[in-house]
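Here's the structure we're looking at; comments come further down.
In this text, all values refer to a predicted model and were calculated from it rather than measured experimentally.
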Amino acid sequence: GTSAAGGGGDAAYPTENITFVVPFSAGGPTDTVTRMIAEPMAAKLGGRIVVQNVEGAGGTVGAGEVARAEPDGYTVLMHHIGMSTAPALYQNLDYKPLEDFEMVGLVTEVPMTVVARKDFQPATLQDLVAHVKANADKVTLANAGIGAASHLCGLLFQSAAGVKLQEVPYEGTGPALTDLVGGQVDFMCDQTTNTSGQISAGEVKAYAVTTPERVKSLPDVPTTTEGGLPQLQVSVWHGLYVPKGTPQDVVTKLSEALKVALADQQVIDQMAKLGTAPVAADDATPQAHRAKLEEQLGTWAKILADAGVKAS
Ligand code: MLT
């Protein structure tokens, strides 16, 4: 972007297009949430937001690119819980979550669903656990790469079920869901922001939601606790990041625009239809986001270590 005279801040920001990097394929849950808030944020900022998908390695390729981008407010990263699991999963991660980014604010926390191709034989979550244990060498589990939310949920499922399955990685759960609907892969754990439509259309079989309570927009899908797998609980929190060193007044403008987007009735309604909701205004702030990331980094490092997961 144009460097403001005297540096330190950019009163005219934005003076050119802002790129929102989504570290997963177009059409997936991260892309969906990003495109929902991009328009009302752009309106508030008085500029244009262009969404760019930078796939690979469970979201770590896109995150790394933003960590090394110009800290001028023109490159923003939308990322999720994977920001807090990657350090425990990758030996040579090329960014440090807490040091290489400024946090802008939290966006939403999305429930996950355990879904399978519609003609998959198991009828309930209990049947699924029994089936995968008896057929561990044949059953295929889709995810969006090591560090993706679907990968994390798949790890927790396998750990809870006491089984090791063949994992099929995709560049995002958008394409993974396409293959699931096509019957090319057996099952996966993915966010309601991606699976709700196909569940309601009967194109995939939904065994459970991974939240303590049922999801209002998916009233017939039991919780994992109801299905006998109470330890399989995970929700995918999302936040916006800019490179470390981005001027504070730019970070503040982005956080204010995020709050406006999260209060936008269309955003609220779209999120509700897809099983989620915006975070409270106080959480769409750098302070709340940093606190969440710090807590989650510690939480997942311990859970993954306890599950015997080693960084590779
Ligand atoms: C996506 O947007 O494709 C998902 O977030 C991938 C994942 O994290 O499972």
Side-chain angles (χ1 to χ4, degrees), residues 20-25 28-31 34 52-69 71 75-104 106-107 110 112 140-160 164-176 188-191 210 232 234-245 289-312:
F20 271 37
V21 171
V22 169
F24 296 100
S25 312
T30 310
D31 191 62
T34 305
Q52 185 187 10
N53 301 87
V54 180
E55 297 97 337
T60 57
V61 169
E65 283 197 9
V66 174
R68 291 184 294 278
T75 306
V76 180
L77 171 70
M78 167 71 86
H79 201 2
H80 59 34
I81 195 167
M83 193 61 118
S84 61
T85 57
L89 296 168
Y90 285 89
Q91 272 172 357
N92 312 312
L93 197 60
D94 60 358
Y95 58 87
K96 290 185 172 34
L98 290 172
E99 284 111 72
D100 295 339
F101 298 93
E102 307 287 350
M103 275 109 246
V104 172
L106 296 168
V107 178
V110 184
M112 299 194 90
T140 51
L141 169 62
N143 64 39
I146 294 177
S150 47
H151 167 257
L152 176 64
C153 187
L155 270 181
L156 297 176
F157 175 90
Q158 293 174 85
S159 174
K164 183 84 193 80
L165 299 173
Q166 298 172 58
E167 294 180 82
V168 182
Y170 292 79
E171 301 273 88
T173 49
M188 84 170 159
C189 193
D190 189 23
Q191 300 164 68
T210 62
L232 180 51
V234 57
S235 291
V236 185
W237 61 275
H238 294 68
L240 289 179
Y241 302 81
V242 289
K244 186 77 180 170
H289 185 174
R290 178 165 284 274
K292 178 76 174 181
L293 179 54
E294 284 169 351
E295 173 270 315
Q296 287 279 289
L297 281 163
T299 297
W300 291 109
K302 182 167 176 0
I303 292 175
L304 292 169
D306 290 352
V309 175
K310 298 235 177 325
S312 53

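- Here I303 contributes atom CD1 and S159 contributes atom OG; the two are 10.0 Å apart, rounded to the nearest 0.5 Å.
- Here E99 contributes atom CD and E102 contributes atom CD; the two are 12.0 Å apart, rounded to the nearest 0.5 Å.
- For S25 (side chain) and E171 (main-chain N/O), a donor-acceptor pair under 3.5 Å exists by modelled atom type.
- Panel note: side chain T75, backbone V66; no donor-acceptor pair is recorded below 3.5 Å.
- Taken to the nearest 0.5 Å, the NE2 atom of H238 stands 9.5 Å off from the CD1 atom of I81.
- Scanning all heavy atoms of the two residues, the minimum distance from L155 to L89 falls at CD1-CD2, 4.4 Å.
- Here the side chain of E295 pairs no donor or acceptor atom with the backbone of A291 at under 3.5 angstrom.
- The two atoms that bring D100 and Y95 nearest to each other are OD2-CA, 3.2 Å, heavy atoms only.
- The backbone N or O of L165 lies less than 3.5 Å from a partner atom in the side chain of Q158, making a donor-acceptor pair.
- For the residue pair A63 and H79, the shortest heavy atom distance occurs at CB-CD2, 4.1 Å.
- Under the 4.5 Å side-chain criterion, counting only non-hydrogen atoms from C-beta, V54 is not in contact with P23.
- Contact of the N53 side chain with the T30 side chain is not registered, since no non-hydrogen atoms from C-beta on lie closer than 4.5 Å.
- Counting only distance, with no hydrogens or angles, the side chain of Y90 and the backbone of I146 share a donor-acceptor pair below 3.5 Å.
- Once rounded to the nearest 0.5 Å, the distance linking CE of M188 with OG1 of T140 reads 11.5 Å.
- In this structure, V21 and E65 have side chains that are not in contact, with every pair of non-hydrogen atoms separated by 4.5 Å or more.
- Taking a 6.0 Å sphere around NZ of K244, one finds it holds more than 12 heavy atoms contributed by other residues, nucleotides or ligands.
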Would you check, one step at a time, whether the test side-chain contact (heavy atoms from CB on, under 4.5 Å) holds for L293 with W237? CA-CA 10 Å; L293 179 54; W237 61 275; 3.8 Å; yes
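- Using a 4.5 Å heavy-atom cutoff, the side chains of V110 and H80 are not in contact.
- Between the R290 side chain and the L98 main chain, a donor and an acceptor come within less than 3.5 Å of each other.
- In this structure, the ring of F101 has its center no less than 6.0 angstrom from the ring center of H289.
- Residues P71 and G245 approach most closely at CB-C, 3.6 Å, considering heavy atoms.
- Counting only distance, with no hydrogens or angles, the side chain of S150 and the backbone of A144 share a donor-acceptor pair below 3.5 Å.
- Side-chain contact check for T34 versus F24: every heavy-atom pair is 4.5 Å or farther apart.
- For A142 against A176, the heavy-atom pair with the smallest separation is CB-CB, 4.2 Å.
- One distance of note links CG of L156 with CE of M112; it measures 9.5 Å at 0.5 Å rounding.
- Atom-to-atom distance recorded for D190:CG and Y170:OH is 12.0 Å, nearest 0.5 angstrom.
- At a threshold of 4.5 Å between non-hydrogen side-chain atoms, the residues P29 and T173 count as touching.
- Here the closest non-hydrogen pair linking D94 and T60 is OD1-O, 4.4 Å.
- L152 has its side chain out of reach of C189: every pair of non-hydrogen atoms, C-beta onward, lies at least 4.5 Å apart.
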Could you please spell out the steps behind the side-chain contact (heavy atoms from CB on, under 4.5 Å) verdict for L141 and F157? CA-CA 10 Å; L141 169 62; F157 175 90; 5.5 Å; no
